[in-house]
**Q** 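Below you'll find the structure I mean.
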Amino acid sequence: MSLRGSGDEEQPSSHRSPGAPSPGRQSPAGQPAAPARPDRPVDLDAVWAFAAGCVTPTEKPAGGSGSVPARDVPRPGTSADSETSAGPEPSVGIGTSVGIETEWFVVDTRVVHQPVPPERTRRALGRISGLITGAAGPVLPGGSRLTFEPGGQLELSGPPAGLAAAVQSTAADLHLVRAALAEDGLAIVGMGVDPLRAGVRQTTASRYAAMEEHFRTGGGTSGEVMMRSTASVQVNLDLGTTPAQAAERFRLAHAVGPVLTAMFAASPALAGRRTGWRSTRQAVWSGIDAGRTGSVLDLPAQPAAGGDAGPGAAAARSGDLADRWARYLLAAKLMMIGDPLGDVGPGEDRRFVAATGGHTFGDWVAGRGPVERAPTLDDLSYHATTLFPPVRPRGWWELRYLDAQPAEGWRVAVAVATALLDDPVAAAAAAQVCAPVARRWPAAAMLGMADEPLRLAAVRCLELAAAALRRAGCADLADAVELFSERYPQRGRCPADELSERFILIGPAGLLREEAHLCVSVA
């Protein structure tokens, strides 16, 4: 498949956002707006309908849990929801479900400076009793699916469940992973950025080769670093029960974003040097095309259309989330194009070719795309998975701005984010507390809890989260949140400050080695 040059397309529109999330690889199967025929060509109305399905709550089936998915598991509104939920729902306040995705750097505890190939990690994990090998990858006994990021980072994507059950099952699966890796001299380390090893692409998957080529040829100066050397904690939460509530939750997820980014910043070094940022991961994302990583809310509201603009445009009201997401999808540059005639490698569902001409999806819909054929719903669905706004609509809300956390810190990050959005009392108070600092993304990434307005908001948000967790009967998580608050925000600190101090004392190799041994001891 040959791609067109860049001389025949209009310049894509773009917008700016000071903060951006971690990368992700979501399966396009299960997008709520996609109809039965993924090969159906799309027009502007189909794009709007797809976007509406991503942000509009669906009626839950009788007996279903309305669970929020992690990657590659049944999605909210499907008949499989009740089969994938685990454990009892919290009794008060926090009544929705959460999907947890944690990413980890794999380290050889004896030679920490060397990258660990995914093949070695995979062999070590193959010893786990009860590991199920499915079409989409291995699944641990607790339901977490195992996958690898381009740089060899190990990811666990847990099934949707009530908060307590989701945390418990992820913790159990992590225990098995740590124990199995330790038998081979390996460990997993949680930080937002690898502080020592220069990342290299460890996977041969066509989509990652195409992604790498896209970034290398103009997709953003930090794209390759993002792929190979960053890690995150992602929290997936329900849209809400009504369109109005969905919009409110979407805006709240953005409002609390700088506060959560700052309090959980955990990436002060990259490639053997301190960077001056508490969240170097966020700094890396700021070097990527803002049309791919900026906030959907940064798009200006679209005036109501009239005349013969079509049913989709007529349905889009000013400020409507579906309209904003549709325009975001159309304005973003294409990263890769699926080649339906290309050879597919082992374990891959399709072959991809990098898009390097600067074409947007809107260009392609208008007939000015990188290939002669028209885009299909399958192309649109996959295009959506290559966009990484801080909060991504997927039929649920993906919170993508949290650094991976040392040791067991991921439990606190997940619990706080969930409590602040799901408990009505905490949500209302957090919205007020965070409103004055809702745009402080750069300060959050650089200063963390050294920024006083962010610190004050963080302390209050942690109080609200702990109280919400106690109302929900999650006393152990509430205790962990309060300990985190005492250790970090109340002292004007975040995890990055501790990591930076240890980096100075023992160097990047010592820091990796120490964190690796701490993770082994947790097992």
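Quick note: numbers below take in every heavy atom, side chains included, and nothing from hydrogens, waters or symmetry partners.
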**Q** Do you know the tightest heavy-atom contact between Arg392 and Glu398?
**A** NE-OE1, 2.7 Å
**Q** State which residue, out of His113, Gln114, Arg120, fulfils the side chain to side chain donor-acceptor pair (under 3.5 Å) condition with Asp108.
**A**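 Answer to the side chain to side chain donor-acceptor pair (under 3.5 Å) test with Asp108 among His113, Gln114, Arg120: Arg120.
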**Q** Rounded to the nearest 0.5 Å, what's the gap from OG1 on Thr275 to CG on Leu270? Could you check?
**A**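 One gets 7.0 Å once the value is rounded to the nearest 0.5 Å.
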**Q** Carefully, step by step, assess Val42 and Phe361 under the rule side chain to side chain contact (heavy atoms under 4.5 Å, CB included).
**A** CA-CA 11 Å; Val42 296; Phe361 196 86; 4.1 Å; yes
**Q** Does the pair Arg324 and Val55 meet the rule for a side chain to side chain contact (heavy atoms under 4.5 Å, CB included), with working shown?
**A** CA-CA 10 Å; Arg324 290 179 188 264; Val55 303; over 6 Å; no
**Q** For Gly192, is there any backbone N or O sitting under 3.5 Å from a side-chain donor or acceptor partner on Asp403?
**A**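 Flag not set: sc Asp403 to bb Gly192 has no pair under 3.5 Å.
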**Q** Drop me the distance from Gln153's CD to Ser229's OG, to the nearest 0.5 angstrom.
**A**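 Taking CD in Gln153 and OG in Ser229, the distance rounds to 7.0 Å.
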**Q** Just wondering, do Ser267 and Ser279 contact through their side chains at under 4.5 Å, heavy atoms?
**A** yes
**Q** Go through Asp378 and Ser381 one step at a time and tell me if the side-chain hydrogen bond (donor to acceptor under 3.5 Å, both in side chains) criterion holds.
**A** CA-CA 5 Å; Asp378 188 65; Ser381 182; 5.7 Å; no
**Q** So does Phe352 get a backbone contact from the side chain of Ser206, meaning a donor-acceptor N/O pair under 3.5 Å?
**A**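 Yes, Ser206 side chain to Phe352 backbone: donor-acceptor pair under 3.5 Å.
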**Q** Hey, could you give me the OG1/CZ distance between Thr241 and Arg249, rounded to the nearest 0.5 Å?
**A**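 So the gap between those two atoms works out to 8.5 Å.
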**Q** For Thr293 and Pro390, work out which heavy atoms get closest and say how close.
**A** O-CD, 3.5 Å
**Q** Checking the side chain of Arg292 only, and the main-chain atoms of Lys333 only, is there a donor and an acceptor separated by less than 3.5 Å?
**A**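 Checked: pair present.
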**Q** What is the minimum heavy-atom distance between Pro393 and Phe250, and which atoms define it?
**A**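 Minimum heavy-atom separation between Pro393 and Phe250: CG-CE1, 4.4 Å.
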**Q** Less than 4.5 Å apart, side chain to side chain, heavy atoms only: is that true for Leu402 and Thr261?
**A**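 Leu402 vs Thr261: side chains apart.
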**Q** Does a side-chain heavy-atom distance below 4.5 Å link Glu213 with Val353?
**A** no
**Q** Are any side-chain N or O atoms of Arg228 and backbone N or O atoms of Ala198, one a donor and one an acceptor, separated by less than 3.5 Å?
**A**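 Pair absent, no side-chain N/O of Arg228 close to backbone of Ala198.
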**Q** From Leu464 CG over to Asp423 CG, what is the distance, rounded to the nearest 0.5 angstrom?
**A** 9.0 Å
**Q** Is there side-chain contact between Asp184 and Arg127, with at least one heavy-atom pair below 4.5 Å?
**A** yes
**Q** Ignoring hydrogens and angles, tell me if any N or O in the side chain of Trp397 forms a donor-acceptor pair with the backbone of Leu239 under 3.5 Å.
**A** yes
**Q** Going by atom types alone, do Thr170 and Asp173 pair a side-chain donor with an acceptor below 3.5 Å?
**A** no
**Q** Rounded to the nearest 0.5 Å, what separation is found between the CD atom of Glu149 and the CD atom of Gln202?
**A**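 That separation rounds to 12.5 Å.
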**Q** Once salt bridge (Lys or Arg N to Asp or Glu O under 4.0 Å) is applied, do any residues pair with Arg201, and if so which ones, sequence neighbours excluded?
**A**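 In terms of salt bridge (Lys or Arg N to Asp or Glu O under 4.0 Å), with neighbours along the sequence ignored, Arg201 is linked to Glu212.
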**Q** Return the set of residues passing salt bridge (Lys or Arg N to Asp or Glu O under 4.0 Å) with Arg470 (not counting sequence neighbours), or none when no residue passes.
**A**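 With neighbours one apart ignored, the set is Asp479, Glu482.
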**Q** Looking only at atom types and distance, does a side-chain atom of Thr242 sit under 3.5 Å from a main-chain N or O of Gln245, one as donor and one as acceptor?
**A**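 Confirmed, Thr242 side chain pairs with Gln245 backbone.
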**Q** Can you tell if the side chain of Cys461 reaches within under 4.5 Å of the side chain of Leu420, non-hydrogen atoms only?
**A**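 Yes, close enough: below the 4.5 Å cut-off.
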**Q** Report yes if the side chains of Pro195 and Leu512 come closer than 4.5 Å at any heavy-atom pair, otherwise no.
**A**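 Yes, close enough: below the 4.5 Å cut-off.
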**Q** Identify the heavy atoms of Met336 and Ala210 that sit nearest to each other, and give their distance.
**A** CB-CB, 3.9 Å
**Q** Do other residues, nucleotides or ligands put more than 12 heavy atoms under 6.0 Å from the CD atom of Gln168?
**A**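 Counting other residues, nucleotides and ligands, CD of Gln168 stays at 12 neighbours or fewer.
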**Q** Under the 3.5 angstrom rule, does the side chain of Thr56 hit a backbone N or O of Gly53 as a donor-acceptor pair?
**A**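 Side chain of Thr56 to backbone of Gly53: no pair is present.
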**Q** Going by ring pair (Phe, Tyr, Trp, His ring centres under 6.0 Å), name the residues that satisfy it together with Tyr488, two or more places apart in sequence or in a different chain.
**A** Phe484
**Q** Check the orientation of Phe388 and Trp285. Use parallel for under 30°, tilted for 30 to 60°, and perpendicular for over 60°.
**A** perpendicular
**Q** Carefully, step by step, assess Val416 and Leu462 under the rule side chain to side chain contact (heavy atoms under 4.5 Å, CB included).
**A** CA-CA 7 Å; Val416 171; Leu462 289 170; 3.7 Å; yes
**Q** Run the salt bridge (Lys or Arg N to Asp or Glu O under 4.0 Å) test against Asp194 and tell me which residues pass, sequence neighbours left out.
**A**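 So Asp194 forms a salt bridge (Lys or Arg N to Asp or Glu O under 4.0 Å) with Arg197.
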**Q** I'd like to check Trp104 versus Val177 (side-chain heavy atoms, cut-off strictly below 4.5 Å). Are they in contact?
**A**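 In short, these two side chains do not touch, never coming nearer than 4.5 Å.
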**Q** In chain order, what residues pass the salt bridge (Lys or Arg N to Asp or Glu O under 4.0 Å) check against Glu498, with sequence neighbours excluded?
**A** Arg487
**Q** Is the shortest side-chain N to carboxylate O distance from Asp476 to Arg411 below 4.0 Å?
**A**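 Looking at Arg411 together with Asp476, the answer is yes, because their closest N to O distance falls below 4.0 Å.
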**Q** Between Leu399 and Val256, is any pair of side-chain heavy atoms under 4.5 Å apart?
**A** no
**Q** Not counting sequence neighbours, which residues clear ring pair (Phe, Tyr, Trp, His ring centres under 6.0 Å) with Trp325? List them please.
**A** Tyr328
**Q** Within the side chain of Gln282, is there an N or O that forms a donor-acceptor pair under 3.5 Å with the backbone of Tyr401?
**A**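 Side chain of Gln282 to backbone of Tyr401: a pair is present.
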**Q** Report yes or no: does Thr376 contribute a side-chain atom to a donor-acceptor pair with the main-chain N or O of Asp379 at less than 3.5 Å?
**A** yes
**Q** Give the C-alpha distance, both sets of side-chain angles, the deciding distance and a yes or no for side chain to side chain contact (heavy atoms under 4.5 Å, CB included) between Arg281 and Ser232.
**A** CA-CA 9 Å; Arg281 178 178 157 276; Ser232 70; 3.5 Å; yes
**Q** What are the two closest heavy atoms between Met191 and Leu511, and how far apart are they?
**A** CE-CG, 3.8 Å
**Q** Can you measure from CG (Asp289) to CZ (Phe215) and round to the nearest 0.5 angstrom?
**A** 8.5 Å
**Q** Of the non-hydrogen atoms in Cys494 and Met263, which two are nearest, and what is the gap between them?
**A**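 Closest approach of Cys494 to Met263, heavy atoms only: CB-O, 3.6 Å.
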**Q** Counting N and O atoms only, with roles assigned by atom type, does the side chain of Thr418 sit under 3.5 Å from a partner on the main chain of Ala415, one being a donor and the other an acceptor?
**A** no
